[in-house]
Amino acid sequence: MAVAGMSWYVLRAVSGKEAKVKEYIDAEIKNGRLGGHVSQVLIPTEKVFQVRAGKRIVKERNYLPGYVLVEARLVGEIAHELRNTPNVLGFLGGLDNPTPLRESEVNRILGKADEMLEDPMDVEIPFNVGDAVKVAEGPFSGFSGVIEKVDNDKKKVTVTVKVFGRSTGLDLGFMQVEKE
């Protein structure tokens, strides 16, 4: 994946502005100012599923917030141009002589990013044991209860509800309950 003679460097960016930094550097590459010396810019991201209002939402968040990876050959004024990009705080490793990432580090970061693209099943759990919830779907719709167990692997919760004065445990999916 590495271009001959180029190394991966880490730019520190203002947190939340990583996409703007990438967009700006990509535009400079396209315009030709950095074209031959910068090959690609990468923001490692991961996909996270959230459950909001009973709907499953896919969100993409930064895997390394505040950092942008750049594959470049730092000759002449290229380091200066990258360092003076809007919203860039500088290189990780020093201003005078930025340190490139080792190949093992790059493989781990890029491998992690690729792995997250293939298997985006990291679900943000909106429920905790002891939370009061209301059953939204199924035969017990409208019943209120308390979460007794959260099974992240199966994406299910065990909710205890009172039916005819007796406590009954229900195994429900994350989508079938909502917080009260």
Side-chain angles (χ1 to χ4, degrees), residues 1 8-27 29-30 39-71 85-89 92 101 104-180:
M1 186 170 249
W8 283 95
Y9 296 91
V10 179
L11 284 175
R12 293 180 337 165
V14 175
S15 189
K17 299 289 185 178
E18 298 91 350
K20 288 287 185 187
V21 170
K22 179 182 181 343
E23 183 179 310
Y24 187 84
I25 294 173
D26 284 340
I29 292 170
K30 202 173 199 179
S39 64
Q40 58 182 321
V41 183
L42 177 70
I43 302 171
T45 57
E46 61 184 341
K47 290 185 180 180
V48 178
F49 291 105
Q50 293 179 331
V51 179
R52 286 201 180 145
K55 294 183 181 176
R56 190 175 184 181
I57 299 169
V58 178
K59 247 180 123 177
E60 201 167 274
R61 71 175 177 205
N62 288 348
Y63 169 62
L64 297 171
Y67 297 102
V68 177
L69 301 175
V70 178
E71 187 177 26
T85 301
N87 298 316
V88 170
L89 302 173
L92 192 65
L101 292 173
S104 61
E105 295 171 325
V106 173
N107 290 338
R108 188 177 69 225
I109 292 170
L110 294 179
K112 180 76 171 166
D114 292 343
E115 174 185 304
M116 288 180 178
L117 289 175
E118 292 170 8
D119 187 24
M121 290 308 293
D122 182 19
V123 175
E124 192 173 291
I125 305 168
F127 305 109
N128 294 317
V129 174
D131 285 352
V133 293
K134 185 175 184 179
V135 179
E137 294 179 12
F140 294 97
S141 179
F143 281 73
S144 295
V146 178
I147 294 180
E148 297 295 325
K149 183 176 141 191
V150 178
D151 188 354
N152 192 22
D153 294 335
K154 295 182 181 177
K155 314 294 185 248
K156 292 188 177 261
V157 292
T158 301
V159 179
T160 302
V161 296
K162 291 230 178 215
V163 180
F164 302 119
R166 290 187 164 170
S167 294
T168 304
L170 304 174
D171 287 332
L172 302 168
F174 286 171
M175 306 294 287
Q176 294 177 298
V177 293
E178 55 190 35
K179 285 189 177 184
E180 282 192 326

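All values derive from a computational prediction rather than experimental measurement.
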- Can you find a pair of side-chain heavy atoms, one from Leu69 and one from Val10, that are under 4.5 Å apart? yes

- Determine whether Leu170 and Phe143 make a side-chain contact, defined as any pair of heavy atoms from C-beta on separated by less than 4.5 Å. no

- Task: Could you tell me the separation between the CG atom of Leu64 and the OG1 atom of Thr45, rounded to the nearest 0.5 Å?
- Result: 10.0 Å

- Where Phe140 and Val135 come nearest, the two heavy atoms and their spacing: O-CB, 3.3 Å

- Query: Just by distance, with hydrogens left out, do Asp171 and Thr158 show a side-chain donor and acceptor under 3.5 Å apart?
  - Reply: yes

- Message: To the closest 0.5 Å, what do you measure between CD (Glu23) and NZ (Lys20)?
- Response: 5.0 Å

- Message: Donor-acceptor pair, distance only, cut-off 3.5 Å: does the side chain of Glu18 make one with the backbone of Gly16?
- Response: yes

- Heavy-atom count around Lys179 NZ within 6.0 Å, excluding the residue itself: above 12? yes

- Item | Closest heavy-atom pair and its distance - Val150, Val157 | CG2-CG1, 4.2 Å

- Which pair of heavy atoms, one from Val21 and one from Ala13, lies closest together, and at what distance? CG2-CB, 4.0 Å

- Item | Result of checking Val159, Val146, Val161 against Val133 for side chain to side chain contact (heavy atoms under 4.5 Å, CB included) | Val159

- Any chance you could measure Lys149, atom NZ, to Lys156, atom NZ, to the nearest 0.5 Å? 11.0 Å

- Message: Which heavy atom of Ala136 sits nearest to which heavy atom of Ser141, and what is that distance?
- Response: O-OG, 3.3 Å

- Task: Identify the heavy atoms of Phe127 and Phe174 that sit nearest to each other, and give their distance.
- Result: CE1-O, 3.7 Å

- Starting at CG of Leu11, measure out to CD1 of Ile43 and round the result to the nearest 0.5 Å. 10.5 Å

- Task: State whether the side chain of Glu178 and the backbone N or O of Lys134 hold a donor-acceptor pair below 3.5 Å, judged by distance alone.
- Result: no

